[in-house]
Protein chains: 2
Amino acid sequence: MFSKSCQYGIRAVLFLAVYSSAEKRLGVTEIANKLEIPKHFLAKILQQLAKENLISSSRGPSGGFYLNKKNRKSNLKDIIEAIDGSQIFTDCILGLKECSSEKPCPLHFQAFGIKEGLNYQFEHQTIGEMAEKIVRTNLSI
Amino acid sequence: MFSKSCQYGIRAVLFLAVYSSAEKRLGVTEIANKLEIPKHFLAKILQQLAKENLISSSRGPSGGFYLNKKNRKSNLKDIIEAIDGSQIFTDCILGLKECSSEKPCPLHFQAFGIKEGLNYQFEHQTIGEMAEKIVRTNLSI
DNA sequence: CAAAAAGAAGATATGTCTGTCTTTTATTGT
DNA sequence: ACAATAAAAGACAGACATATCTTCTTTTTG
């Protein structure tokens, strides 16, 4: 479903959402250790997300990654699209280039339902709201 | 979502369901040409499906691949699991090894809904029924 | 100014996915 | 029995994803 990069990215963003703030920034090493993700691999993913303004970063001592208020208003779909692209939400499930309601593949209408579900699940709550839920119901990242 | 192998495999099985019978078998070359799939790549996929008795085959002149009555009663989930495995229906969407209702990841219950949808969509109709629908509503494979 | 940490780029290694080719085996029709 | 046909099987190669490690630059803090 999602690439490893994407899974790592989502977990890291949620970790930042729960444990970081503009005052308390987290270094790659710390995040990688806590989530058991290869450090240098995670660094690349976080840099990519920072470049797309989905997470924030600052250099220097006491620098690190964190989420600002605006970051907390993004949703999982933004993260997923930034890392894996939007194919999963848009492309034909059978890989046909020509596939539409006018010229549907055998799974077109079924896939439509699935994609609707994905969109709903990943778009209808913000990262901030998810962080709240993680703390409230003690979910493991 | 699905690997190329799986997409090719599904299309090939549906093609066989529509155009083949125990009397009219189709060679790899013919299927590969019609569906615009690399021939030798498709051969491997079909061999794998034949070994798992999801499609039928016979060698020699006028041999080829086809679906028998039993094959037509299998469903897409069988095909998908034979090629890509059952991960998409079972594994944690965030890649966590420990993820259950007791110790859920932040997406566990959302993913449950998505997986239910996948199961429903791919399990509730047989290959034979799909073939009928393809013919009836003129869907492109 | 020195230390800390991200940013950026590249080398390397491994593994999986995708794709091609060749050889072997089984079946059929003559 | 023989030749043709087609699947079965395995060897191989390139692309891409995943992962690790270096090196260097830039920015910021104390």
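Naming convention: chains lettered A, B, ... in sequence-line order (proteins, then strands); numbering from 1 in each chain. This is a predicted model, so every value here is computed, not measured.
- The neighbour count for A/Glu36 CD, taken as heavy atoms of other residues, nucleotides or ligands under 6.0 Å away, does not exceed 12.
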(request) Mark up nucleotides 23-30 of chain C, 5' to 3', with B wherever a protein heavy atom is under 4.0 angstrom from a base atom, S wherever such an atom reaches only the sugar-phosphate, and - elsewhere. (result) --BSBB--

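- Considering only residues two or more places apart in sequence or on other chains, A/Tyr120 meets the ring pair (Phe, Tyr, Trp, His ring centres under 6.0 Å) condition with A/His124.
- Distance, B/Gln48 CD to C/dC17 C1': 13 Å, rounded to whole Å.
- Distance A/Lys4 NZ to C/dC17 P: 11 Å, rounded to the nearest Å.
- Rounded to whole Å, atom C1' of C/dT20 lies 13 Å from atom CD1 of B/Ile45.
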Under 3.5 Å, side-chain donor or acceptor atoms of residues 131-141 of chain B against the rest of the protein: list the pairs with distances, not counting sequence neighbours.
residue: B/Thr137; atom: OG1; partner: B/Lys133; partner atom: O; Å: 2.7
residue: B/Ser140; atom: OG; partner: A/Pro104; partner atom: O; Å: 3.4

For residues 16-26 of chain B, please give each side-chain donor-acceptor pair under 3.5 Å, one per line with the distance, not counting sequence neighbours.
residue: B/Ser20; atom: OG; partner: B/Leu16; partner atom: O; Å: 2.7
residue: B/Ser20; atom: OG; partner: B/Leu67; partner atom: N; Å: 3.3
residue: B/Ser21; atom: OG; partner: B/Glu23; partner atom: N; Å: 3.3
residue: B/Ser21; atom: OG; partner: B/Glu23; partner atom: OE1; Å: 3.4
residue: B/Ser21; atom: OG; partner: B/Lys24; partner atom: N; Å: 3.0
residue: B/Arg25; atom: NE; partner: B/Ala22; partner atom: O; Å: 3.1
residue: B/Arg25; atom: NH1; partner: B/Ser58; partner atom: OG; Å: 2.6

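- When each of A/His40 and A/Ser3 is assigned the nucleotide of DNA chain D bearing its nearest heavy atom, the one mapping closer to the 5' terminus is A/Ser3.
- A/Val28 approaches A/Lys39 most closely through the heavy-atom pair CG1-O, 3.6 Å.
- One finds no side-chain N or O of B/Ser57 lying less than 4.0 angstrom from the OP1 or OP2 phosphate oxygen of D/dA6.
- Note: CD1 (A/Ile83) to C1' (D/dA17) measures 14 Å, nearest angstrom.
- Look at OH on B/Tyr66: it is 15 Å from P on D/dA6, rounded to the nearest Å.
- Residues satisfying the side-chain contact (heavy atoms from CB on, under 4.5 Å) criterion with A/Ser62, sequence neighbours excluded, are absent altogether.
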(request) Would you mind building the protein contact string for nucleotides 10-15 of chain C? One character per nucleotide, 5' to 3', B for base within reach (heavy atoms under 4.0 Å), S for sugar-phosphate only, - for untouched. (result) B-----

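- Heavy atoms from other residues, nucleotides or ligands lying under 6.0 Å from CZ of A/Phe112 number 12 at most.
- Partners of A/Glu98 by salt bridge (Lys or Arg N to Asp or Glu O under 4.0 Å), not counting sequence neighbours, listed by chain and number: A/Lys103.
- With hydrogens and angles ignored, the 3.5 Å screen pairs no side-chain donor or acceptor of A/Gln110 with any backbone N or O of B/Phe122.
- Within the structure, the ring pair (Phe, Tyr, Trp, His ring centres under 6.0 Å) test picks out the following pairs touching residues 25-69 of chain A (sequence neighbours left out): A/Tyr8-A/Phe41.
- Distance B/Leu42 CG to C/dC17 C1': 16 Å, rounded to the nearest Å.
- Listed by chain and residue number, A/Glu30 satisfy the salt bridge (Lys or Arg N to Asp or Glu O under 4.0 Å) test with A/Lys34 (two or more places apart in sequence, or in another chain).
- Picking from C/dG7, D/dA8, C/dA8 the nucleotide with the shortest atom distance to the side chain of B/Gln47 gives D/dA8.
- Under a 3.5 Å cut-off, the side chain of B/Glu129 and the backbone N or O of B/Thr126 do form a donor-acceptor pair.
- Only A/Leu26, A/Gly27, A/Val28, listed by number, bring a heavy atom of residues 26-37 of chain A to less than 4.0 angstrom from any atom of DNA chain C.
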(request) Apply side chain to side chain contact (heavy atoms under 4.5 Å, CB included) to B/Lys115 and B/Phe89, showing your working. (result) CA-CA 6 Å; B/Lys115 287 178 198 165; B/Phe89 299 107; 5.8 Å; no

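- To the nearest angstrom, P of D/dG10 lies 18 Å from CZ of B/Phe41.
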Side-chain donor-acceptor pairs of residues 74-85 of chain B under 3.5 Å, sequence neighbours excluded:
residue: B/Ser74; atom: OG; partner: B/Asn71; partner atom: O; Å: 2.7
residue: B/Asn75; atom: OD1; partner: B/Lys77; partner atom: N; Å: 3.1
residue: B/Asn75; atom: OD1; partner: B/Asp78; partner atom: N; Å: 3.1
residue: B/Lys77; atom: NZ; partner: B/Asn119; partner atom: OD1; Å: 2.6
residue: B/Asp78; atom: OD2; partner: B/Asn75; partner atom: N; Å: 3.0
residue: B/Asp84; atom: OD1; partner: B/Ser3; partner atom: OG; Å: 2.6
residue: B/Asp84; atom: OD2; partner: B/Ser3; partner atom: N; Å: 3.0
residue: B/Asp84; atom: OD2; partner: B/Ser3; partner atom: OG; Å: 3.4

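- Using a 4.0 Å cut-off on heavy atoms, the residues of residues 6-18 of chain A that approach DNA chain D are A/Tyr8, listed by number.
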